[in-house]
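Working notes for the structure below.
Letters A, B, ... mirror the listed sequences (proteins, then strands); counts begin at 1. As the structure is a prediction and not an experimental result, all values here were calculated from the model. These numbers come from the heavy atoms of this one structure, side chains and all, not from hydrogens, waters or symmetry mates.
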Amino acid sequence: MDEERKFPDYEQKWQAKWDTTREKASEATTPKGADNFYILSMFPYPSGKLHFGHALPYTLTDSMARYLRMNGKNVLNPTGWDAFGLPAENAAIEQKSHPSKFTYENIAEMRKQQHAFGYSFDWERELFTCKPDYYKWTQWIFLQMLEKGVAYRKTARVNWCTKCNTVLANEQVQTLIKDGEEFQACERCESRVIPKEIPAWYLRITDYADRLLEGLDKLGDDWPERVTSQQRYWIGRSQGVNIDFTAKLGKSEPLTVFTTRADTVFGVTYVALAPEHPLVEQIIEQSDAKKAKQLREFVKEVLTMTEQDRAGGAEKEGIDTSFKAVNPLNGEEVPIFVANYVLMYGTGAVMAVPAHDERDHEFAQEYKLPIKQVIQPTASGKQEAGARSASEGAVKSIEEEAFTEHGKLINSGKYDGLSTPEAIAKIAADLAAEGKGGEKVNYKLRDWGISRQRYWGCPIPVIHCPDCGIVPVPESDLPVQLPDDVDFLPTGQSPLTLHPNFQHVKCPKCGGDAKRDTDTMDTFVDSSWYFLRYTDPHNDAEIFDKAKCAHWAPVDLYIGGREHAILHLIYARFYTKFLHDIGLINFDEPFKRLYAHGLIQGESIRVVNEHMNRYVSPDEFAKLKKDGKAGDGDITRRIEKMSKSKKNGADPTALMAQYGADAVRLAILFLGPGDADSVWDANGMKGPYGFLRRWYDTVLQYAPKVEDLGELPPGLEFSPAAKALRAASHSLIDKVTREFEGRYAFNTAIAQGMALLNDISTFAKAGVEDDASRYALREAFEAMVLTLSPFVPHTAEELNEALGHKESVFSRPWPKADKQAMQLDEVEIPVQVNGKVRGTIMLPREADKATMEKLAMDNDNVQKFVDGKQIVKLIAVPGRIVNIVAK
RNA sequence: GCGAAGGUGGCGGAAUUGGUAGACGCGCCAGACUAAGGAUCUGGUGUCUCACGACGUGGGGGUUCAAGUCCCCCCCUUCGCACCA
């Protein structure tokens with residue numbers, strides 16, 4: 001590809017102009033009206049450079065913001081920086097520099113790139129989560145949560161990243177497989193994660209579990225199913241029954257189990273405890289030395305694994321404690337096991353029913369425990385079982401396989417004959433009546449641990465006083481500033497602890513010597529409320545002015561990646577509900593509509609031969625091929641997420657330098673629908689770039705012919721070709737408008753813009769001499785400039801000017817499609833015989849069925865196919881099709 | 001295993017309501033201009049077939065005058081979750 005631009009570079013000219021003319025989002029305090037639109041793309045972490053992961057959402061967002069403004073909407077489209085976080089701290093350690101330096105340098109670079117892309121952000125509202133004027137309010141919210149009991153402190157087992165030396169939320173831990181070994185790893189640095197017991201701050205998100213679920217229902221179709229279903233799963237509500245067994249230790253101890261299948265309680269053949277279960281310690285104390293040792297070792301072994309590791313498919317193992325538990329429903333005594341497969345969920349103890357639970361079945365077979373069937377397949381249940389057995393050959397016996405579906409109770413005393421749901425309800429009621437349990441709801445969702453033992457984050461505004469205990473920092477003392485001069489090498493304890501002055505403080509309550517909390521907050525806290533601060537970003541008296549916030553919030557359209565489906569999006573929803581509850585806002589869902597954009601991937605090439613075994617870039621491969629060091633047979637091509645190590649990345653900024661911002665914006669949008677993953681093609685610039693060049697050339701060539709024309713005079717007579725062009729112009733307006741009004745498949749809108757340019761070329765080359773044709777041509781140019789302006793703002797401005805407009809294309813109103821002009825006088829209609837197209841007929845648009853049928857029958861080719869046959873049926877759909885059924 | 005999204009030319013993708021499958025772009029082929037082309041322009045391009053035509057949206061069945069689109073069964077791919085009792 002030629003390095004040189006083939007048409008003038010006018011982009012900086014327009015960017016400079018926009019900098020001075022850009023209309024600012026309104027500051028009004030009136031309640032949000034229909035004209036206000038808050039569009040937001042997830043603010044970025046300042047990682048260094050703008051990549052495709054940013055360019056796609058920002059281009060989508062910018063296009064929509066520009067469209068909305070042209071439609072007279074009052075638009076808020078802010079951006080900022082999710083600027084606290086570990087990468088900056090780790091980079092600073094490596095480069096012996098400071099996280100803030102790394103962070104602000106990256107921000108400067110990325111801001112420059114965003115500007116070069118022509119993004120129309122509300123820069124005066126730019127915010128930085130790492131600045132005291134922002135985190136003051138992050139701390140303030142924490143204090144509100146503390147006061148309401150939503151924030152609390154406890155000591156618990158946490159996920160500890162061995163490299164970052166800090167705590168990770170469950171959500172930040174991922175399962176990795178390396179060298180055949182499966183283990184739990186830090187989402188960011190991929191190092192091993194181990195469990196550790198430390199005191200930390202928690203937010204009671206579990207109290208909001210039901211509301212978080214209900215909220216999802218309300219969001220309905222405005223959020224993608226894949227996001228809401230993931231959140232539902234993550235919250236993991238399960239409705240079941242607590243049943244109080246009795247553990248026969250020295251004295252009787254209550255042993256409560258949680259089950260969703262209370263109907264199987266007569267099938268219990270043992271009870272299994274999680275190693276963390278409080279009763280385990282008592283059991284060990286009361287066991288003989290040998291058993292106690294055995295149990296201790298087992299518990300220790302299991303607890304050195306993270307929960308995820310334990311779940312990772314290890315063999316089911318357990319130890320018979322030799323103690324018994326009594327089933328409250330039938331008085332049976334069953335052995336108590338401690339088992340690795342039981343998690344500290346629900347009560348941390350399960351009633352094991354091998355006949356009707358796969359896990360218990362597996363365990364029972366291993367330890368030769370009885371399997372007692374208490375549920376029988378019913379007619380409807382059998383149907384499913386039957387379908388399965390048909391494929392597997394035979395119905396398996398209960399010894400071979402657990403029957404886990406619903407059915408009818410047997411061997412269950414007075415409950416015999418009841419169905420699963422009936423039995424669950426009855427048993428729950430009976431237990432409740434006797435005070436031995438009852439209905440219970442559990443959630444997978446855990447409270448959110450937010451303490452981090454690292455430096456580059458928001459300090460937690462509390463003081464630990466030896467006399468008064470935990471004392472919140474008084475609001476007037478906020479923010480608790482993060483000191484600059486801290487040695488933040490990760491040692492496992494919070495760097496702030498090492499600062500000479502930071503932690504030494506007088507207790508605000510008693511005035512005695514006390515210590516500040518030296519942990520910082522998880523950065524997900526910072527991003528859980530930033531969208532509200534944008535509505536009043538410079539307020540230093542309060543978190544935001546309620547009325548100003550109400551002028552914009554909630555966000556109408558939130559654009560971001562799917563990787564945030566659970567983490568950020570569930571935390572932000574939780575924060576919004578909390579802020580609603582303390583009366584700051586009058587809505588409790590932050591994002592009305594969520595648009596989850598896709599991932600732009602790249603094709604990687606891996607060469608494996610006698611010379612090498614590594615990833616190469618396409619250029620490298622071409623060279624290797626030329627040098628005879630690699631051939632097509634030696635390579636594996638794979639579509640993967642772009643990454644440096646796989647050499648499959650493309651740099652949007654480099655492409656922008658070569659082809660211009662508009663061409664890159666267009667190429668990104670043209671790749672495919674924005675919500676689908678797509679693959680970047682090295683040739684992906686050619687089409688869009690060539691289109692912009694042809695468009696530019698065509699407008700400049702014909703502008704002199706059309707620039708003196710005013711408004712379209714009424715009653716103009718158009719030639720058929722001019723009418724066709726007008727139809728194409730108005731169809732484009734209609735098409736682009738519809739895409740912006742909800743579907744957002746801009747690739748198809750752009751395709752139609754390209755098609756109109758093709759039509760224009762054909763039309764113009766045929767000669768444009770009469771006035772009507774000149775008007776039609778002008779109309780086509782205008783339609784293109786206006787409808788494509790949100791995607792390629794610089795080119796649109798330039799061509800708008802070339803067409804003689806003095807004002808910016810963005811201060812012109814969005815065009816309206818003329819439905820009349822979209823219609824052609826004559827339409828081509830396919831004629832089918834027995835469902836196969838045998839010809840087409842041209843006929844007036846308003847032709848009735850009879851005319852269609854007659855013309856269809858007159859068609860020569862159609863005649864050939866119906867000749868000698870009897871016409872059974874004639875279907876004519878006006879404007880669509882004629883189908884002749886002949887025998 | 002569970003949940004979600006997908007499977008259409010050589011490739012990215014279109015077909016929004018059941019109505020001419022393959023818009024638009026890339027690539028490819030031919031031609032023009034040219035000292036030259038990895039530039040630009042013009043035309044062509046689903047497969048098979050000289051052609052008439054036949055076939056064609058992962059596979060199989062069904063509904064319909066008509067199915068990429070609706071219904072049933074199956075296969076495959078990607079993503080997320082995965083002992084939550």
Side-chain angles (χ1 to χ4, degrees), chain A residues 1-2 4 6 175 224-230 232-234 236 238 240 257-261 264 272 307-308 310-314 316 339-347 349-353 356-360 362-363 387 391 404 442-446 562-563 565-566 598-599 601 639 667 670-673 675-688 690-691 693-694 697 735 738-739 742-743 745 747-758 828-840 864 872-877 879-886:
Chain A
M1 184 83 199
D2 204 313
E4 213 175 309
K6 289 295 194 299
T175 306
E225 172 72 25
R226 62 179 151 216
V227 174
T228 51
S229 69
Q230 273 187 66
R232 273 198 189 88
Y233 186 81
W234 191 259
S238 85
V257 301
F258 173 72
T259 179
T260 54
R261 290 298 300 274
T264 64
E307 269 186 17
Q308 287 91 338
R310 225 201 295 175
K316 287 188 176 43
N340 66 348
Y341 76 95
V342 180
L343 304 175
M344 204 50 216
Y345 166 80
T347 62
V350 299
M351 56 174 227
V353 187
H356 305 294
D357 182 282
E358 281 168 23
R359 299 153 300 188
D360 300 341
E362 193 189 324
F363 190 83
S391 62
T404 59
N442 275 315
Y443 302 90
K444 269 195 285 221
L445 186 72
R446 314 276 177 94
R562 252 174 267 140
E563 66 274 20
I566 32 186
L599 198 67
Q601 300 166 297
I639 303 301
F670 190 60
L671 215 47
D675 53 1
D677 288 345
S678 41
V679 181
W680 182 255
D681 177 353
N683 285 321
M685 289 307 306
K686 288 191 182 174
F691 163 70
R693 189 182 45 72
R694 281 194 299 279
D697 288 346
K735 167 74 179 174
R738 277 183 297 131
E739 290 303 341
R743 205 176 74 134
N747 55 324
T748 65
I750 292 162
Q752 198 152 327
M754 291 173 168
L756 181 58
L757 179 63
N758 295 343
E828 189 193 43
I829 296 286
V831 181
Q832 298 182 332
V833 178
N834 294 330
K836 289 187 175 154
V837 180
R838 299 300 181 184
T840 57
K864 258 174 36 194
V872 182
K873 206 170 174 183
L874 259 173
I875 296 114
V877 184
R880 289 275 193 194
I881 203 165
V882 180
N883 193 3
I884 301 161
V885 187

Grab the [atom1]-[atom2] distance between [X] and [N] for me, whole Å please.
X: A:E225; N: B:G6; atom1: CD; atom2: P; answer: 11 Å
X: A:R562; N: B:C81; atom1: CZ; atom2: C1'; answer: 15 Å
X: A:R226; N: B:A5; atom1: CZ; atom2: P; answer: 8 Å
X: A:L874; N: B:G19; atom1: CG; atom2: C1'; answer: 15 Å
X: A:L599; N: B:G6; atom1: CG; atom2: C1'; answer: 15 Å
X: A:Q230; N: B:C2; atom1: CD; atom2: P; answer: 17 Å
X: A:K444; N: B:A85; atom1: NZ; atom2: P; answer: 7 Å
X: A:I566; N: B:A4; atom1: CD1; atom2: C1'; answer: 13 Å

Look at the side chain of [X] and the backbone N and O of [Y], then say whether any donor-acceptor pair between them is shorter than 3.5 Å.
X: A:N883; Y: A:G835; value: yes
X: A:N442; Y: A:G240; value: no
X: A:D360; Y: A:V353; value: yes

Determine the interatomic distance between [atom1] on [N] and the same-named atom on [M]; round to the nearest Å.
N: B:U64; M: B:C50; atom1: C1'; result: 37 Å
N: B:A32; M: B:A23; atom1: P; result: 27 Å
N: B:G13; M: B:U78; atom1: P; result: 16 Å
N: B:U49; M: B:G56; atom1: C1'; result: 15 Å
N: B:C79; M: B:A85; atom1: P; result: 27 Å
N: B:G68; M: B:A15; atom1: C1'; result: 9 Å
N: B:C72; M: B:A67; atom1: C1'; result: 15 Å
N: B:C29; M: B:A14; atom1: C1'; result: 24 Å

Just checking [X]: base, sugar-phosphate only, or nothing, at a heavy-atom cut-off of under 4.0 Å?
X: A:D360; result: nothing
X: A:R738; result: base
X: A:V885; result: sugar-phosphate
X: A:P673; result: sugar-phosphate

By side chain to side chain donor-acceptor pair (under 3.5 Å), which residues pair with [X], not counting sequence neighbours?
X: A:T260; value: none
X: A:R562; value: A:D677
X: A:Q752; value: none
X: A:R694; value: none

Does [X] have any salt bridge (Lys or Arg N to Asp or Glu O under 4.0 Å) partners at least two apart in sequence or in another chain, and if so, which?
X: A:D357; value: A:R359
X: A:R261; value: A:D263
X: A:R880; value: none

>> Under 3.5 Å for both pairing distances: what stems, at least three Watson-Crick or G-U pairs long, include RNA chain B?
In response: B:1-7 with B:75-81, B:10-12 with B:24-26, B:27-32 with B:40-45, B:46-48 with B:53-55, B:58-62 with B:70-74
> Mapping A:S238 and A:I875 to their closest nucleotides on RNA chain B, which lands nearer the 5' end?
Replying inline: A:I875
>> Here's a test of your reading of the structure: between A:E739 and A:L671, which maps to the more 5' nucleotide of RNA chain B?
In response: A:L671
> The side chain of A:F258 lies closest to which of these nucleotides: B:A85, B:A4, B:C83?
Replying inline: B:A85
> In chain order, what residues pass the ring pair (Phe, Tyr, Trp, His ring centres under 6.0 Å) check against A:F363, with sequence neighbours excluded?
Replying inline: A:Y270, A:F337, A:Y341, A:Y367
> What one-letter contact string describes nucleotides 47-57 of chain B from 5' to 3', where B marks a base within less than 4.0 Å of any protein heavy atom, S marks contact via sugar-phosphate atoms alone, and - marks no contact?
Replying inline: ------SSS--
> For every nucleotide of nucleotides 20-26 of chain B, 5' to 3': is a protein heavy atom under 4.0 Å from its base (B), only from its sugar-phosphate (S), or from neither (-)?
Replying inline: B--BBSS
> Which label fits B:G9, syn or anti, where anti is any glycosidic angle not within 90° of 0?
Replying inline: syn
>> Counting only heavy atoms not in A:E563 (residues, nucleotides, ligands), do more than 12 fall under 6.0 Å from its CD?
In response: yes
> What pairs with A:K864 under side-chain contact (heavy atoms from CB on, under 4.5 Å), at least two apart in sequence or on another chain?
Replying inline: A:N861
>> Can you see whether A:Y345 has A:K444 sitting over its ring - NZ or CZ less than 6.0 Å from the centre and within 45° of the normal?
In response: no
> OP1 or OP2 of B:A85 less than 4.0 angstrom from a side-chain nitrogen or oxygen of A:Y341, does that happen here?
Replying inline: no
